[in-house]
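Have a look at the structure below, then the notes.
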Amino acid sequence: MGLEILGQVAAFGGQQGVYQHSSSSTGTEMTFSVYVPPHENGSKLPVIWYLSGLTCTHANVTEKGEFRRTCSELGLIFIAPDTSPRGNGVPDDDAYDFGQGAGFYVDATEGPWSEHFQMRTYIEDELPGLIADNFPADMSRQGITGHSMGGHGALTIALHNPERFKSVSAFAPIASPLNCPWGHKALSGYLGPDRQKWRAYDACALIEDGQRVPNILVDQGMADGFLAEQLKPELLEETCKAAAQPLTLRRQHGYDHSYYFISTFMDDHLRWHAERLGR
């Protein structure tokens, strides 16, 4: 796979880059960013994946996430993929919560979305191969986190791949797409009406069905306008308690859904991951 460099800049002794490649999973050009901290030649570094939320690209966290100083200190590679395929010929929707910018990290089975919207395969299989071939990444030490829709993606992908992801966290995740309007719209559109198929993309359902990870860290802002209708962290809390799945759910009073919230607690999350990955 050819990797095109769109930009590289020095930051905190390391290098922030933005890259593009032709994806076999989505059939489109895909863009992502990677921060590589300072390191000795020949060394391999643990990897943190960050999955963004609705309407976002790689650029939101890259520009506003405030992760580079801590990643430089801890020796963590930080990867930020896009949230969906994009471009001419890629189907879209007029609403912000479906179509381009709203891939929900699923492999779509319904037309016209199934041709390009294969984001689970892209994140789980294709992009990791590209990272392993082009960056000093220790793929035996991977953690994953994300925000909102990306928090949903981080939780479900980690639950599907507990042997790969040694740590998982989320900022204000969509805790149960089966039980919120965003989830109903996305999963019915991408997967069809059979709610049994949706369970593969719902963290609560996966835990109910027996999937486990060593621990989960979640931060949720209590001034988040999406809290009651869309995010529902109490469902994740109840499910984890019933299943004896370790969960640390921190309710942060006064914080909303924005990158002011994310950047405030980014350092905590990166240190939490580093402890579990062995920096």
Side-chain angles (χ1 to χ4, degrees), residues 1-53 55-88 90 100-101 103 105 119 122-147 150 153-154 157 164-165 167 171 259-260 262-263 266-267 269-271 273-274 277 279:
M1 290 181 288
L3 186 64
E4 179 182 359
I5 301 171
L6 300 184
Q8 291 178 327
V9 294
F12 295 100
Q15 186 176 73
Q16 177 66 64
V18 178
Y19 307 91
Q20 188 175 75
H21 72 111
S22 296
S23 168
S24 60
S25 303
T26 69
T28 66
E29 297 295 306
M30 295 294 290
T31 302
F32 62 96
S33 75
V34 180
Y35 177 70
V36 178
H39 61 284
E40 296 181 359
N41 288 338
S43 62
K44 295 288 189 178
L45 306 175
V47 173
I48 302 295
W49 296 85
Y50 178 93
L51 305 185
S52 294
T55 76
C56 291
T57 70
H58 71 281
N60 297 75
V61 70
T62 304
E63 296 170 2
K64 298 183 287 187
E66 301 184 24
F67 56 86
R68 278 172 287 268
R69 183 186 297 275
T70 303
C71 284
S72 177
E73 174 192 339
L74 299 177
L76 299 172
I77 293 176
F78 190 97
I79 304 169
D82 203 348
T83 54
S84 78
R86 302 176 191 271
N88 294 332
V90 177
Q100 294 189 38
Y105 306 99
M119 288 299 295
Y122 178 70
I123 297 297
E124 286 188 351
D125 299 329
E126 183 178 5
L127 190 53
L130 194 66
I131 296 299
D133 289 342
N134 289 277
F135 298 92
D138 182 351
M139 304 305 280
S140 70
R141 294 187 291 166
Q142 297 184 65
I144 190 167
T145 186
H147 171 231
I157 287 173
R164 179 184 303 180
F165 296 101
S167 57
F171 302 88
Y259 270 87
Y260 294 108
I262 297 166
S263 63
M266 180 65 80
D267 181 85
H269 282 240
L270 293 174
R271 294 184 185 281
H273 283 278
L277 298 176
R279 53 186 173 179

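Contact of the Pro81 side chain with the Trp49 side chain is registered, since non-hydrogen atoms from C-beta on lie closer than 4.5 Å. Residues Ile123 and Leu51 form a side-chain contact, since some pair of their non-hydrogen atoms from C-beta on lies under 4.5 Å apart. Taking the side chain as every heavy atom from C-beta outward, Thr83 and Tyr105 approach each other to under 4.5 Å. Within the 4.5 Å cutoff, side-chain heavy atoms of Pro37 are placed close to those of Leu45. Between Ser52 and His147, the closest side-chain pair of non-hydrogen atoms is not below 4.5 Å. You'll find the side chain of Thr70 stays beyond 4.5 Å of the side chain of Met266, heavy atoms only. Side chains of Ser43 and Pro136 form no contact here, defined as non-hydrogen atoms less than 4.5 Å apart.
Between His21 and Tyr122, the ring planes lie parallel to each other; the angle is under 30°, not in the 30° to 60° tilted range. Between Phe78 and Phe67, the ring planes are parallel. Angles under 30° get that label, and only those over 60° would be called perpendicular.
The backbone N or O of Leu130 lies less than 3.5 Å from no partner atom in the side chain of Asp133, so there is not a single donor-acceptor pair. Listed for the Gln20 side chain is no donor-acceptor partner under 3.5 Å among the backbone atoms of Leu6.
Scored by the salt bridge (charged side-chain N to carboxylate O under 4.0 Å, His left out) test, Arg86 finds Asp82 as partners (sequence neighbours excluded).
In summary, the aromatic rings of Tyr50 and Phe32 are positioned with their centroids too far apart to meet the 6.0 Å limit.
Ion pair Glu73/Arg271 flagged as a salt bridge, since at least one NZ, NE, NH1 or NH2 atom sits closer than 4.0 Å to an Asp/Glu carboxylate oxygen.
Nearest heavy-atom pair across Ala154 and Gly146 is CB-N, 3.9 Å.
With hydrogens and angles left out, the side-chain atoms of Thr31 and His58 include no donor and acceptor closer than 3.5 Å.
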